[in-house]
Structure formats: structure tokens, C-alpha cells
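Working notes, structure below.
Protein chains get the first letters and strands the later ones, always in sequence-line order, with residue 1 at the start of each.
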2 protein chains.
Amino acid sequence: MEQVDRRVRRTRKSLEDALIALTLEKEYDEITIQEITERADVGYRTFFRHYSDKDDLLKDVLNSTMMELRDLMSPPTPEMLVDPDFKAADFMEGVVLFQHVKEHCDLYRVLLRSERTLVESVMAFIIDEMEENLGSLLIEGLSMEILANHMAWSMLALVRWWLDSEMPYSPEIMGEYSFRLVFKPAREMIFQMNPELPTNQ
Amino acid sequence: MEQVDRRVRRTRKSLEDALIALTLEKEYDEITIQEITERADVGYRTFFRHYSDKDDLLKDVLNSTMMELRDLMSPPTPEMLVDPDFKAADFMEGVVLFQHVKEHCDLYRVLLRSERTLVESVMAFIIDEMEENLGSLLIEGLSMEILANHMAWSMLALVRWWLDSEMPYSPEIMGEYSFRLVFKPAREMIFQMNPELPTNQ
DNA sequence: GTGTTATGGCACACAGTATGCCATAATTCA
DNA sequence: TGAATTATGGCATACTGTGTGCCATAACAC
């Protein structure tokens with residue numbers, strides 16, 4: 001059961017592929033819509049029949065992959081952060097992220113080389129989810145807003161470095177780095193600021 | 001002894017002020033050179049007699065402030081990272097940074113709202129300096145490249161959040177957060193990976 | 001005061017975006 | 001298979017913003 005016209009599917013696919021290919025060659029903001037349509041072998045006029053602008057096409061390209069990651073990575077819950085023995089779980093979060101990045105490295109490169117504002121909107125979404133999950137942990141003198149912001153952007157920085165360096169380490173090793181540099185310190189801070197939690201440090 | 005023509009000084013100052021004012025109102029890439037010259041009350045043609053493009057003007061605006069920060073913040077040396085009792089020093093590094101940001105918050109906002117590529121070039125410079133200072137610490141299984149990249153971008157994320165949130169905490173509190181979330185974990189990782197260093201954990 | 005130089009305002013070429021129009025080709029569905 | 005529908009290609013066009021050439025004028029340095 002085909003819902004959309006085959007021509008539409010073909011055109012959209014060509015435009016998506018063209019944007020990905022071009023982003024791997026040059027900076028996102030140096031790419032023109034004319035180049036995209038030429039590479040996709042599609043009429044210039046046709047672009048605007050599907051997307052309002054370049055960012056709109058990019059969102060379309062990233063949408064399914066980002067939703068996949070969202071389902072794959074449950075944001076850290078209060079239980080995870082508070083349970084003293086949860087090393088394995090945070091660690092796996094990191095590994096899962098780096099594995100997903102490796103599987104879709106072209107798409108992640110597209111995202112990371114796109115405009116600042118788009119990355120920020122994706123991150124804002126992730127941080128909001130994290131904050132919601134951490135909301136129940138109200139600890140005086142500790143801002144869950146800072147914590148969520150720090151974890152999300154620090155993880156992004158690790159991913160960005162990894163991709164820019166042509167992924168010299170395995171997802172497992174990167175998971176270990178992210179655990180030691182990001183997850184563990186955040187968890188330790190929660191423990192140290194809240195005397196009521198069971199301490200095992 | 002005035003070296004440059006007063007008219008030149010006046011024009012450049014007007015253009016710099018206009019860019020700062022406009023950046024606080026809207027996104028950097030939405031600002032046109034026409035707007036800048038109108039706000040500065042300078043002829044459109046005159047802009048190109050001083051700067052090749054918008055980024056060129058922005059670099060000029062940020063240059064002196066970034067050089068000031070560079071002198072203020074010595075990058076972490078191996079001694080600092082390795083000395084078990086250096087908490088006070090890392091802590092002060094963070095405080096100094098947040099104090100400088102507070103003093104020049106408008107300029108930092110301009111930088112953080114500018115194009116991705118400019119922020120990246122400033123960060124690359126900082127990371128290079130860090131790596132050079134960490135170069136003597138060769139520990140098997142621990143990448144100083146990751147460590148330098150992580151520290152620099154994590155600190156930037158904290159600064160960015162602080163500015164976007166209208167600086168709700170003092171530079172001292174932000175210094176404490178940066179120590180606990182960034183400097184201390186990096187230092188601990190070095191200790192744990194190198195059995196030859198004196199451990200006090 | 002005089003020679004020098006920065007500026008302003010004009011015109012212009014150019015690149016890229018975005019839309020309207022219409023003939024044509026591809027597709028869907030009966 | 002054939003008719004109605006719909007997406008596409010190509011053309012012209014308006015618009016915005018960049019970047020440059022030219023020249024009279026005003027501000028400056030000495």
C-alpha cells in the first residue's frame with residue numbers, strides 16, 4: 001500500500017542524499033539550494049514544493065535517526081543516578097550512544113556541521129527530557145539544570161571530537177571515557193550534596 | 001602621539017559598538033552589513049574600507065578581550081594536574097574565568113551567538129595550548145587529546161548556560177561547579193591511570 | 001593654509017532566494 | 001488500457017544582500 005506518489009518519494013530521497021553528500025564535502029552554510037538540486041538532478045523550482053528552506057530539508061534528514069536514538073537512550077532517571085551500584089547502567093548509556101553514532105556517522109556529521117541554532121534546538125529537547133527525569137531529585141544547593149546541561153553538552157563534545165578525529169577508539173572505550181568524565185562525576189556530586197542518600201564513596 | 005586618523009578610530013569604534021548592540025538583539029547570522037552601518041551611522045561603502053566581511057569585524061571586536069583572558073588563565077600544567085593538593089589552583093582557574101565572563105558579558109554573548117566556525121577556531125587555539133602543556137604527561141591508555149578537548153568544551157558549555165540563564169549564580173559558585181564537574185574528574189582520571197603518581201584518593 | 005586622506009552617495013554587477021505560470025511527463029485509479 | 005490527476009521542468013521575474021568603482025566633499029595632520 002503506497003500512500004505517497006512514487007515521484008515525490010524519489011524527489012525527496014534524491015534531495016536528502018544530495019544534502020548528506022554535500023555536507024561531507026563542505027560547510028553546511030556554504031551549500032546552496034541550487035547545488036543541492038543540481039546534485040540531486042531535480043529542478044530548482046521543485047525544491048520549494050517539498051521544503052520551505054535548507055533547514056527544513058535537514059530536519060527531514062535527521063528526524064528518523066534522532067527519534068531512533070531517543071528510543072535507544074533512556075535519559076538518566078533519578079534511580080539510576082542515585083543507586084550507588086549503577087555504574088553498569090550509566091556506562092552502557094555511553095556505549096549505546098557511541099555505537100549509534102558509529103552506525104549513522106554520516107548523519108551525525110551532517111548534524112554537527114549544520115547551523116548552531118539547529119544543534120541547539122536538538123540539545124534543548126534532550127536537556128528538557130533529562131531535567132524532567134531529574135526533577136524529583138530536589139537537593140538544596142545543587143542545580144539540576146546545570147547538571148542536565150553539563151551532561152548533555154559534554155557528551156556532545158565527546159561525540160564531536162570522536163567524529164572529527166575519525167573515530168580512533170571503539171564505542172566501548174568512548175563509553176568508558178564518558179562514564180569517567182561525565183556520568184560518574186555528576187553522580188558523585190549528587191551523593192556529596194545530599195546527606196540523606198546512601199553513600200558508598 | 002596619535003598614530004591613526006581620528007576619523008578611522010571613530011568609524012571603527014562605531015561599527016564595533018553597532019555589532020555588539022545588534023548581536024544582543026538578534027541572531028548573528030541574521031544581522032546584515034547594511035544594518036550595522038545604519039546603526040553605526042556610517043556609509044555602507046565605508047564598511048569595506050575597514051573590514052573584508054562581518055566575521056572580520058567580529059574578530060576585531062573580540063581580539064583584545066580574548067588576549068586578556070589568555071593572559072589571565074594559564075592553561076592547566078602537568079604539575080597542577082598531578083599535584084594531589086592542587087584543588088585551590090584548579091578552583092581558582094574556574095573562578096577567574098567566570099569573573100572575566102561577568103566583566104565582559106556582552107562580548108562573550110557576541111562570541112557565543114556568532115557563527116559556529118569562529119567559536120571552533122577560538123576553541124582549537126585553547127585546546128592546542130592545553131595539549132601542549134599536558135604533552136609531558138604520557139600515560140598509556142589515556143588520551144590527553146580527549147582530556148583537553150573535554151575540559152575546554154565542558155567549560156564552554158557551563159559558561160554558555162550561565163550567560164543564557166542570565167547568570168543566576170556567582171562566579172565563585174560556578175567555579176565550584178566547574179571544579180567538581182570538570183577539573184576534579186580529569187585529575188582523578190590521570191591519577192587512576194598512572195600508578196606511578198602519588199595517589200591520595 | 002595646504003596637501004592628504006577618509007568618507008558619503010551614487011550606480012552597477014552579481015549571487016542566491018523565492019514565486020508565478022504553463023506545457024509536459026509520470027503516476028494513480030477505475 | 002485509458003482518463004483524470006498531479007508532480008515536475010524550465011522559463012521569467014522580483015527581491016535581498018554583498019562587494020566594487022567613481023568622484024565630489026569634508027575632515028584631518030602638519
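For R7(A) and dG9(D), the CZ to P distance is 10 Å, given to the nearest whole Å. We find that CD of E30(A) is positioned 15 Å from C1' of dT18(D), with the value rounded to whole Å. Remark: P of dA7(D) and CZ of R9(A) are 13 Å apart, rounded to the nearest angstrom. Regarding R49(B), its CZ atom lies at a distance of 11 Å from the P atom of dG21(D), rounded to whole Å. Here dT7(C) presents its C1' atom at 17 Å from CD of E38(B), a figure rounded to the nearest Å. Rounded to a whole Å, the CZ atom of F47(A) is 11 Å from the P atom of dT19(C).
A heavy atom lying under 4.0 Å from DNA chain D marks the following residues of residues 10-26 of chain A, by number: T11(A).
In terms of modelled atom types and a separation under 3.5 Å, the side chain of S165(A) and the main chain of M167(A) share no donor-acceptor contact.
Summary of helix geometry: the two end axes of the helix from dG1(C)-dC30(D) to dA30(C)-dT1(D), each defined by five base pairs via their C1' atoms, are inclined to each other by 40° (rounded to 10°).
Under the 6.0 Å distance and 45° angle rule, K54(B) does not count as a cation-pi partner of F47(B).
Between Y169(B) and W162(B), a ring centre-to-centre spacing not shorter than 6.0 Å is recorded.
R6(B) comes within 4.0 angstrom of the backbone, heavy atoms only, and of no base.
No hydrogens or angles considered: a donor-acceptor pair under 3.5 Å links the side chains of H100(A) and Y108(A).
DNA chain D is contacted by both D53(B) and G43(A); G43(A) maps to the nucleotide lying nearer its 5′ end (nearest heavy atom per residue).
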Restricting to nitrogen or oxygen on both sides, can you table the protein-nucleotides 11-17 of chain C pairs closer than 3.5 Å?
| residue | atom | partner | partner atom | Å |
| --- | --- | --- | --- | --- |
| dT17(C) | OP1 | I33(A) | N | 3.2 |
| dT17(C) | OP2 | I33(A) | N | 3.4 |

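With salt bridges taken as basic N to acidic carboxylate O contacts below 4.0 Å, one links R180(B) and E176(B).
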